[in-house]
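Here's the structure we're looking at; comments come further down.
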Amino acid sequence: MQIGSIVQSRHIAVPSGALGIVTKMLGDMAMVTWYAGQPGASRELNTEPFFISDLIDTGDLLPSKRIATPSSSLH
């Protein structure tokens, strides 16, 4: 699990079917932004800290944005 991981949880505080994105990690805790369904395609619910042991890593990562770099060459 890493920042950007898409996670699920069976914790009582997380609605059934919700998916979250790990936004920060510190020790055995992770800050997770929860969504009603697929992140980016459904309503954002809340952001809460969770123990990593309460999270189920789906194996998916939030796609990172590509950084545009100038195509000029150095001489």
Got a list of side-chain donor-acceptor pairs under 3.5 Å for residues 10-20, not counting sequence neighbours?
| unit_1 | atom_1 | unit_2 | atom_2 | d |
| --- | --- | --- | --- | --- |
| H11 | ND1 | A13 | N | 3.0 |

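Scanning for side-chain contact (heavy atoms from CB on, under 4.5 Å) contacts around L61 gives Q2, S5, with sequence neighbours left out. Considering only residues two or more places apart in sequence or on other chains, T47 meets the side-chain hydrogen bond (donor to acceptor under 3.5 Å, both in side chains) condition with T33. Considering only residues two or more places apart in sequence or on other chains, T23 meets the side-chain hydrogen bond (donor to acceptor under 3.5 Å, both in side chains) condition with none of them.
Identified under the ring-ring contact (aromatic ring centres under 6.0 Å, His included) test for residues 13-37, with sequence neighbours left out: W34-F50.
The distance from the CE atom of M1 to the CD1 atom of I6 is 12.0 Å, given to the nearest 0.5 Å. Considering CE of M31 and CG of L26, their distance stands at 9.5 Å, rounded to 0.5 Å.
V32 is connected to I52 through a chain of hydrophobic side-chain contacts under 4.5 Å among Ile, Leu, Val, Met, Phe, Trp and Tyr, so both are in one cluster.
Between S42 and A36, the shortest heavy-atom contact is OG-N, 3.7 Å. Residues L55 and S9 come closest through the heavy atom pair CD2-CB, 4.3 Å.
Other residues sharing a hydrophobic cluster with M29 under the 4.5 Å side-chain heavy-atom criterion for ILVMFWY residues are F51.
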